[in-house]
Amino acid sequence: MLTINLIREQPDAVVERLKIKNFDAAGIVSTVLDLDRRRRELQAENDAVQAELNNLSREIGSMMKEGRKNEAETAKSGISKLKENQKQLSESLDEVSRAMQDELIRLPNLPHPLVPAGKTAEDNVTVRSGGTLPELFDGAAPHWDLIKRYDIIDFDLGIKITGAGFPVYKGKGARLQRALVNFFLDEGEKAGYREIEPPIVVNEDSGFGTGQLPDKEGQMYHVGIDNLYLIPTAEVPITNIYRDVILDASDLPIRNIGYTPCFRREAGSWGSHVRGLNRLHQFDKVEIVQIAHPDSSYEALEEMVTHVEGLLMKLGLPYRIVRLCGGDISFTSAMTYDFEVFSAAQQRWLEVSSTSNFEAFQANRLRCRYREKGAKQTTLCHTLNGSALALPRIVAALLENNQTPDGIRIPAVLVPYTGFELISCPT
RNA sequence: GGAGAAAUGGCAGAGUGGUCGAUUGCGGCGGUCUUGAAAACCGUUGUCCGGGCGACUGGACCGGGGGUUCGAAUCCCUCUUUCUCCGCCA
């Protein structure tokens with residue numbers, strides 16, 4: 001959520017910047033400004049009447065104390081009209097404030113000036129790439145065939161137990177999952193992140209804080225009986241640690257990392273290009289989250305990008321880093337880098353991480369603020385997060401790129417975690 | 001799941017209808033003293049929304065929401081959470 005101050009002070013700049021996101025904000029901005037003006041008028045009136053009521057009550061109080069009963073009764077009878085007036089004022093004030101909030105919430109975050117214009121993923125800008133595209137041997141297969149051949153991931157079993165998009169990992173497949181999670185967590189801790197194991201269901205306030213609610217409830221699994229949501233990403237619980245928190249400037253940046261399963265309904269986003277591990281309802285992900293000082297949040301973003309890039313290099317996967325264009329960047333983000341790995345048998349780039357700076361947009365919803373040493377006033381923090389990394393597509397690329405006629409080679413960095421170097425046919 | 005108790009500022013803990021945004025202690029910050037530090041002493045110390053260039057000033061907030069009353073931290077209703085006991089249990 002953008003702050004009302006920003007809109008009040010630079011309405012034209014807001015409208016202009018949002019054009020990069022292909023969002024026409026002019027209508028909302030002018031409505032917000034009207035409502036804001038109305039709100040302040042109403043508050044001034046309401047406060048004045050309230051002040052008068054407070055004074056009268058105090059006077060009645062002292063009359064009662066001094067035993068001037070009759071005077072007090074007279075004063076009481078004269079107060080009802082004021083009360084009626086105040087009630088109406090405060091109701092209008094609530095109404096206008098709520099209306100303003102509802103409008104404000106519809107505005108996306110402003111994109112950073114470096115965000116390129118554009119409509120679709122075609123317009124994203126490749127920042128850099130690394131690794132070498134593998135040459136596959138004749139008979140190389142896509143991962144959905146490999147997982148059957150080596151009996152490591154079972155979609156049919158998942159359908160039996162739960163439904164489509166809930167795979168069962170078996171044997172070396174399960175072990176590989178565990179290895180990747182541990183590898184990612186260990187690398188994160190080496191880079192200064194504190195490990196968090198959060199709840200994987202969250203309440204409405206948390207969903208609102210990070211921006212999933214009120215708009216995207218259709219994308220989350222909802223536990224109706226308790227009104228809780230299964231998390232679509234660890235970003236939600238880990239960022240919400242800092243909801244309604246005032247930090248010291250010296251605490252920043254805060255670096256947290258957490259592994260969780262993630263749950264996404266993915267309503268309406270299925271098709272032939274999402275075969276196998278490319279899109280799931282439940283998947284594992286290690287997420288990094290930073291709470292940063294506004295002056296250095298883009299340094300934090302670069303640091304996160306470097307970290308994620310390091311993981312891909314260590315795994316030996318060919319990757320590219322793209323800066324998302326205005327049309328492809330999310331509602332809440334100011335700047336996003338997507339990381340894609342090349343999956344050789346599919347001949348496709350697969351997104352494995354999305355690393356973003358939300359600036360103060362989430363922090364405003366979260367009321368996550370910091371205070372400079374000795375200062376009285378508080379300022380909104382900047383929040384950032386990134387996948388480091390999401391497992392399924394990493395697994396897809398590892399299986400496809402590292403396949404040999406004898407089996408699938410495990411990258412050297414993972415061998416201490418898996419305890420094996422090769423996934424071969426079950427005998 | 002059953003029965004009871006409770007929820008107050010960073011923490012502890014007073015306050016049961018009238019200048020209470022709230023006594024006090026601890027912690028924090030500033031100062032005096034000291035070569036420095038500690039101790040002692042003095043002062044200060046919540047958040048949010050308005051008005052004002054500013055000094056300053058109006059309003060809201062005592063777990064959330066609603067109600068009673070001229071007036072609510074205090075009374076009533078409701079929800080949530082915590083604690084104790086019992087039951088169940090990884």
Side-chain angles (χ1 to χ4, degrees), chain A residues 1-9 32-105 197 199-209 213-214 223-229 237 240-252 254 291 360 363-381:
Chain A
M1 188 166 63
L2 296 176
T3 63
I4 182 64
N5 282 342
L6 178 69
I7 292 169
R8 210 184 279 156
E9 285 159 20
V32 164
L33 287 174
D34 283 347
L35 288 167
D36 182 46
R37 221 169 293 134
R38 183 89 189 103
R39 176 184 129 253
R40 285 145 81 191
E41 283 167 14
L42 281 167
Q43 185 176 342
E45 287 180 55
N46 180 63
D47 285 1
V49 174
Q50 188 62 256
E52 200 178 340
L53 276 171
N54 288 346
N55 284 332
L56 285 172
S57 291
R58 262 188 288 262
E59 281 174 32
I60 292 173
S62 46
M63 288 176 196
M64 300 292 257
K65 226 178 217 169
E66 293 161 21
R68 291 143 65 195
K69 277 242 157 63
N70 291 340
E71 274 180 72
E73 287 306 321
T74 319
K76 268 194 209 181
S77 59
I79 226 166
S80 63
K81 202 178 158 196
L82 264 183
K83 273 189 77 172
E84 187 53 38
N85 192 6
Q86 191 275 332
K87 197 178 166 200
Q88 275 179 16
L89 279 170
S90 73
E91 274 168 14
S92 320
L93 179 59
D94 283 352
E95 203 177 300
V96 169
S97 302
R98 213 173 308 121
M100 188 182 87
Q101 186 80 354
D102 289 348
E103 289 297 312
L104 220 39
I105 254 176
E197 185 180 310
I200 60 174
V201 291
V202 295
N203 58 29
E204 272 184 325
D205 284 347
S206 293
F208 178 83
L213 297 176
V223 186
I225 193 170
D226 293 310
N227 196 24
L228 297 172
Y229 295 86
N240 270 281
I241 293 173
Y242 302 95
R243 171 153 49 84
D244 278 314
V245 166
I246 300 175
L247 298 154
D248 286 335
S250 60
D251 295 334
L252 304 175
I254 290 170
I291 312 293
N364 190 33
R365 288 178 158 226
L366 292 160
R367 294 172 301 276
C368 171
R369 293 152 292 168
Y370 71 94
R371 201 192 321 260
E372 298 291 351
K373 188 172 167 60
K376 189 160 171 58
Q377 113 207 58
T378 60
T379 312
L380 292 170
C381 298

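Reckoned from all heavy atoms, side chains included, excluding hydrogens, waters and symmetry mates. Sequence lines set the chain letters: A, B, ... in the order given, protein chains first and strands last, and positions in each chain run from 1. For clarity, every value in this text was computed on a predicted model and none was experimentally measured.
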Discussion item. For A:L33 versus A:I7, what's the shortest heavy-atom pair and its separation?
Written reply: CD2-O, 3.8 Å
Fill in: Nearest-angstrom distance, C1' atom, B:G10 to B:A5
26 Å
Discussion item. Between B:U19 and B:A72, how far apart are the two P atoms, rounded to whole Å?
Written reply: 11 Å
Worksheet item: If you find the nucleotide of RNA chain B closest to A:N5 and the one closest to A:K76, which residue's nucleotide is nearer the 5' end?
Response: A:N5
Worksheet item: Between A:S57 and A:N54, does any side-chain donor sit less than 3.5 Å from a side-chain acceptor?
Response: no
Show me the donor-acceptor pairs, under 3.5 Å and distance only, between side chains in residues 41-53 of chain A and residues at least two apart or in other chains.
{"residue": "A:E41", "atom": "OE1", "partner": "A:R38", "partner atom": "NH1", "Å": "3.4"}
{"residue": "A:Q43", "atom": "NE2", "partner": "A:D47", "partner atom": "OD2", "Å": "3.3"}
{"residue": "A:N46", "atom": "OD1", "partner": "A:Q86", "partner atom": "NE2", "Å": "3.4"}

Worksheet entry | Distance (rounded to the nearest 0.5 Å) between A:R39 CZ and A:D94 CG | 11.5 Å
Worksheet, complete the sentence: For A:A249 and A:Y370 the tightest heavy-atom approach is CB-CD1, 3.9 Å
Worksheet item: What integer distance in Å separates A:L53:CG from B:G58:P?
Response: 16 Å
Worksheet item: Is there a Watson-Crick or G-U wobble partner for B:C20 with both distances under 3.5 Å, and which nucleotide is it?
Response: none
Worksheet item: Who is the Watson-Crick or G-U wobble partner of B:G30, with both distances under 3.5 Å?
Response: B:C42
Worksheet item: B:G28 and B:G46: how far apart are their C1' atoms, nearest whole angstrom?
Response: 13 Å
Practice prompt. Please tell me which of A:E52 and A:I79 maps to the more 5' nucleotide of RNA chain B, matching each residue to the nucleotide holding its nearest heavy atom.
Written response: A:E52
Item to complete: Could you measure between the two C1' atoms, the one in B:A90 and the one in B:C75, and give it in whole Å?
Response: 44 Å
Worksheet item: Taking the C1' atom of each, how far is B:C33 from B:G43, in whole Å?
Response: 15 Å
Item to complete: Given side chain to side chain contact (heavy atoms under 4.5 Å, CB included), test A:N364 with A:L2 step by step and report yes or no.
Response: CA-CA 7 Å; A:N364 190 33; A:L2 296 176; 5.9 Å; no
Worksheet item: When we call it a touch if two heavy atoms are under 4.0 Å apart, what does A:N54 touch: a base, just sugar-phosphate, or nothing?
Response: sugar-phosphate
Worksheet item: In whole angstroms, how far is the P atom of B:G10 from the CG atom of A:D248?
Response: 13 Å
Worksheet item: How long is the line joining NZ of A:K83 and P of B:U69, in whole Å?
Response: 7 Å
Discussion item. Work out how far the C1' atom of B:U32 is from that of B:G71, and round it to whole angstrom.
Written reply: 45 Å
Worksheet entry | Opposite nucleotide pairing with B:C11, Watson-Crick or G-U, both atom distances under 3.5 Å | B:G25
Check the interface with nucleotides 46-49 of chain B: list each N/O to N/O pair with the protein under 3.5 Å, or write none.
{"residue": "B:U47", "atom": "OP1", "partner": "A:R371", "partner atom": "NH1", "Å": "2.4"}
{"residue": "B:U47", "atom": "OP1", "partner": "A:R371", "partner atom": "NH2", "Å": "3.2"}
{"residue": "B:U47", "atom": "O3'", "partner": "A:R369", "partner atom": "NH1", "Å": "3.0"}
{"residue": "B:C48", "atom": "OP1", "partner": "A:R369", "partner atom": "NH1", "Å": "2.8"}
{"residue": "B:C48", "atom": "OP1", "partner": "A:T378", "partner atom": "OG1", "Å": "2.9"}
{"residue": "B:C49", "atom": "O3'", "partner": "A:R39", "partner atom": "NH2", "Å": "2.6"}
{"residue": "B:C49", "atom": "O2'", "partner": "A:Q43", "partner atom": "OE1", "Å": "2.5"}
{"residue": "B:C49", "atom": "O2", "partner": "A:Q43", "partner atom": "NE2", "Å": "2.6"}

Worksheet item: Under a 3.5 Å cut-off for both distances, is B:A60 Watson-Crick or wobble paired, and to whom?
Response: B:U47
Practice prompt. Measure from CG on A:D205 to P on B:U81 and round the result to the nearest Å.
Written response: 13 Å
Worksheet entry | Pairwise distance CZ(A:R371) to CG(A:L247) - rounded to 0.5 angstrom | 10.5 Å
Response to the item:
Mate of B:A73 across any strand shown (Watson-Crick or G-U wobble, both atom pairs under 3.5 Å) is none
Worksheet item: Say you draw a straight line from CG of A:L213 to CD of A:E204; how long is it, rounded to the nearest 0.5 Å?
Response: 6.5 Å
Practice prompt. Taking all non-hydrogen atoms of both residues into account, name the closest pair between A:C381 and A:R369 and its distance.
Written response: SG-C, 3.6 Å
Worksheet item: So, A:D102 and A:R98, do they make that salt bridge, N to O below 4.0 Å?
Response: no
Worksheet entry | Nearest-angstrom distance, C1' atom, B:C89 to B:U80 | 24 Å
Worksheet entry | Spacing between A:K87 atom NZ and B:C70 atom P, to the nearest angstrom | 14 Å
Item to complete: Take atom CD1 of A:I225 and atom P of B:G1, then tell me their distance rounded to the nearest Å.
Response: 10 Å
Discussion item. Any strand counts, and the cut-off is 3.5 Å on both contacts for Watson-Crick or G-U wobble. Which nucleotide pairs with B:A3?
Written reply: B:U84
Response to the item:
CG (A:D34) and CE (A:M100) are apart, to the nearest 0.5 Å, by 12.0 Å
Worksheet item: Distance between the C1' atoms of B:U74 and B:G17, in whole angstroms?
Response: 7 Å
Report all interatomic pairs (protein N or O, nucleotide N or O of nucleotides 15-23 of chain B) with separations under 3.5 Å.
{"residue": "B:G18", "atom": "N2", "partner": "A:S57", "partner atom": "O", "Å": "2.8"}

